[in-house]
Amino acid sequence: MKKILFILLVGVLVLAGCMQKDEEDTSSSDSEDTASEKIVIEDGFGEQEFDEAPQKVVAIEWSIVEELLAVGVQPVGVTDIEGFNKWVTIDEKLDDSVTEVGLRTEPNIEEIAKLEPDVIIGMKGYQGELKEELEKIAPVVMYENTTDEAIDDLYADMLKTFKLTAKLVGKEQEAEEHITNLEEKMTAAAENIEAADLPTKDFVFTQAYTVNEAPTFRLFTENSTVSHVLEGLGLTNKIQDQEPQSSGFIEANVEGVSNYDESLFIHTVQEDDPLFDNLSGNSAWNGLNFVEEDTMYDVGAGVWTFGSVLSMETLIEHVEEALVN
């Protein structure tokens with residue numbers, strides 16, 4: 001009888017030990033799960049950690065505004081809403097409830113503070129000096145797009161920051177869907193452009209504007225996001241003699257443009273800009289090959305050449321329409 005009681009006692013102790021181990025394992029697993037839920041973002045200043053996805057976001061750079069809209073997040077504050085609406089042509093719109101918080105180059109710190117945001121997102125390159133002051137309000141994420149790696153391929157860097165923003169706000173799947181959609185749009189448009197039988201596949205893309213009645217042409221270099229997209233449409237950038245530019249473009253006058261005139265001249269100019277009226281009597285301009293051969297293609301105003309996936313979708317649609325129709 002004593003032997004049986006001893007065996008039962010040992011069994012109870014073993015069972016109790018197993019239950020305690022299971023509880024410890026479960027507790028450890030719960031702790032690991034909690035840790036894994038943290039969101040870690042690598043920005044231009046290092047690693048940023050968040051316990052959960054921020055709900056109230058202030059975006060002080062337009063490309064980030066666009067990234068948020070692409071994944072279905074309305075920021076609570078945005079810099080220069082009027083300028084954004086003028087220059088950025090995308091389907092998704094800012095709600096009327098979004099507060100304007102100054103300019104991109106000079107955000108309104110007081111207005112941002114009133115919004116009590118969970119995070120403020122900007123670009124280190126020209127907004128980095130604001131970080132210390134902004135951090136008094138909320139955590140700050142600032143992307144770095146001026147590294148050699150970023151400049152070599154601004155399209156790849158655009159996708160990188162888009163994915164980081166989506167990760168931060170808990171919308172990674174939505175971002176991947178948009179990237180897939182962008183690539184599919186490129187493929188479909190490339191087929192239509194190929195069938196259009198254009199006189200050449202070489203192109204120059206310019207965002208042009210007037211300064212003191214003189215024309216200024218931003219000519220987009222091979223490392224730019226714009227160039228990557230147009231090359232994805234089966235075209236070839238005529239500008240082959242330039243190093244990668246941090247901005248993705250060089251500035252030129254009519255004489256500078258003449259170096260690349262045997263090409264498709266694809267342009268975006270604001271509707272209220274008199275650039276082409278001013279050029280109508282310019283003999284040097286009228287003697288350019290793309291003017292004489294009428295291979296100039298207007299993609300309309302409002303194509304934001306420094307935007308994210310939504311602006312690039314707009315660019316594809318407008319380029320395809322201009323070249324095919």
Side-chain angles (χ1 to χ4, degrees), residues 59 61-67 69-70 79-80 82-92 104-105 123 125-126 143 145-146 150-162 178-179 182-183 185-186 189 193 202-211 215-233 235-239 242 244-252 256-257 260 263-273 275-276 296-323:
E61 160 57 36
W62 289 350
S63 62
I64 296 162
V65 177
E66 186 180 321
E67 291 168 356
L69 293 177
T79 48
D80 189 7
E82 182 180 354
F84 179 85
N85 290 334
K86 176 180 179 179
W87 288 94
V88 184
T89 302
I90 54 178
D91 291 336
E92 285 73 9
R104 290 180 293 164
T105 53
M123 302 300 294
Y126 75 103
Y143 302 127
N145 65 350
T146 59
I151 292 170
D152 281 343
D153 190 343
L154 293 172
Y155 178 86
D157 189 68
M158 177 270 288
L159 294 184
K160 177 183 175 182
T161 61
F162 179 42
H178 264 291
I179 292 169
L182 177 63
E183 293 171 346
K185 280 182 177 291
M186 257 191 277
I193 289 171
D202 291 342
F203 76 89
V204 168
F205 187 97
T206 183
Q207 180 185 53
Y209 54 95
T210 302
V211 179
T216 299
F217 301 92
R218 287 177 172 177
L219 305 179
F220 285 80
T221 50
E222 285 188 288
N223 67 310
S224 68
T225 301
V226 166
S227 183
H228 179 101
V229 170
L230 266 66
E231 297 216 359
L233 302 182
L235 306 174
T236 302
N237 197 333
K238 184 72 172 178
I239 303 174
Q242 298 292 325
Q245 303 293 308
S246 59
S247 55
F249 65 82
I250 58 172
E251 286 194 352
V257 172
Y260 316 107
S263 62
L264 310 176
F265 187 78
I266 305 172
H267 58 86
T268 176
V269 180
Q270 285 299 304
E271 293 176 356
D272 57 356
D273 194 308
L275 181 132
F276 289 116
M296 297 175 62
Y297 301 89
D298 183 4
V299 298
V303 176
W304 183 235
T305 51
F306 309 101
S308 190
V309 290
L310 299 181
S311 286
M312 294 307 106
E313 288 179 5
T314 299
L315 176 65
I316 291 168
E317 292 168 2
H318 288 204
V319 169
E320 179 183 6
E321 181 178 358
L323 297 184

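All residue numbers in this chain count up from 1 along the given sequence.
The CD1 atom of I239 sits 8.5 Å away from atom OG of S224, with the distance rounded to the nearest 0.5 Å. Within the model, atoms OG of S227 and CG of L219 stand 11.5 Å from one another, a figure rounded to the nearest 0.5 Å. For the atom pair CE (M312) and OG1 (T305), the distance works out to 7.0 Å, reported to the nearest 0.5 Å. To the nearest 0.5 angstrom, F217 atom CZ is 11.0 Å from Y209 atom OH. To the nearest 0.5 Å, the span separating CD1 on I250 from CD on Q245 amounts to 7.0 Å. Here the CD-CD1 distance, from Q207 to I266, works out to 14.5 Å after rounding to the nearest 0.5 Å.
For the pair Q270 and G302, the tightest heavy-atom approach, listed with the atom from each and the gap, is NE2-N, 3.4 Å. Smallest separation of non-hydrogen atoms from D152 and P244: OD1-CG, 3.9 Å. Shortest non-hydrogen contact noted between V303 and T89 is N-OG1, 4.3 Å. Taking each heavy atom of L154 and S247 in turn, the nearest pair found is CD1-C, 4.1 Å. The minimum heavy-atom distance linking A208 with L275 is given by the pair CB-CD1, 3.7 Å.
A donor and an acceptor atom, one from each side chain of T216 and E251, are nowhere located under 3.5 Å apart.
In this structure the side chain of L233 reaches within 4.5 angstrom of the side chain of I316, judged on heavy atoms. F306 has its side chain within reach of F249: a pair of non-hydrogen atoms, C-beta onward, lies under 4.5 Å apart. L182 places none of its side-chain heavy atoms less than 4.5 Å from the side chain of L310. For the pair N145 and T161, the minimum side-chain heavy-atom distance is 4.5 Å or more. D298 is listed as a side-chain neighbour of H267, based on a closest heavy-atom distance under 4.5 Å. Contact of the W87 side chain with the D80 side chain is not registered, since no non-hydrogen atoms from C-beta on lie closer than 4.5 Å. A 4.5 Å side-chain heavy-atom check between S246 and T146 finds every atom pair outside the cut-off. Here the side chains of I90 and S311 are in contact, with some heavy-atom distance below 4.5 Å.
At most 12 non-hydrogen atoms from other residues, nucleotides or ligands lie less than 6.0 angstrom from CD of E321.
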Would you please test R104 and M123 for side chain to side chain contact (heavy atoms under 4.5 Å, CB included) and show each step? CA-CA 10 Å; R104 290 180 293 164; M123 302 300 294; over 6 Å; no
Can you check side chain to side chain contact (heavy atoms under 4.5 Å, CB included) on R218 and V226, steps first, answer last? CA-CA 12 Å; R218 287 177 172 177; V226 166; over 6 Å; no
Using the side chain to side chain contact (heavy atoms under 4.5 Å, CB included) rule, take V299 and T314 through it: C-alpha gap first, then chi angles, then the decisive distance, then the call. CA-CA 10 Å; V299 298; T314 299; over 6 Å; no
Could you give me the CA-CA distance, side-chain angles and deciding distance for Y143 and K160, then say whether side chain to side chain contact (heavy atoms under 4.5 Å, CB included) is met? CA-CA 10 Å; Y143 302 127; K160 177 183 175 182; over 6 Å; no
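Using a cutoff of 4.0 Å between basic side-chain nitrogens and carboxylate oxygens, E317 and K185 are scored as salt-bridged.
Using a distance-only test at 3.5 Å, with no hydrogens or angles considered, a donor-acceptor pair links the side chain of N237 to the main chain of F220. Under the 3.5 Å distance criterion, the side-chain polar atoms of D273 are matched with a main-chain donor or acceptor of T210. A distance-only check finds a donor-acceptor pair linking the side chain of W62 to the backbone of T79 [under 3.5 Å]. At least one donor-acceptor pair closer than 3.5 Å links the side chain of H178 to the backbone N or O of A70. Within the 3.5 Å criterion, the main-chain N or O of G307 finds no donor-acceptor partner in the side chain of S63.
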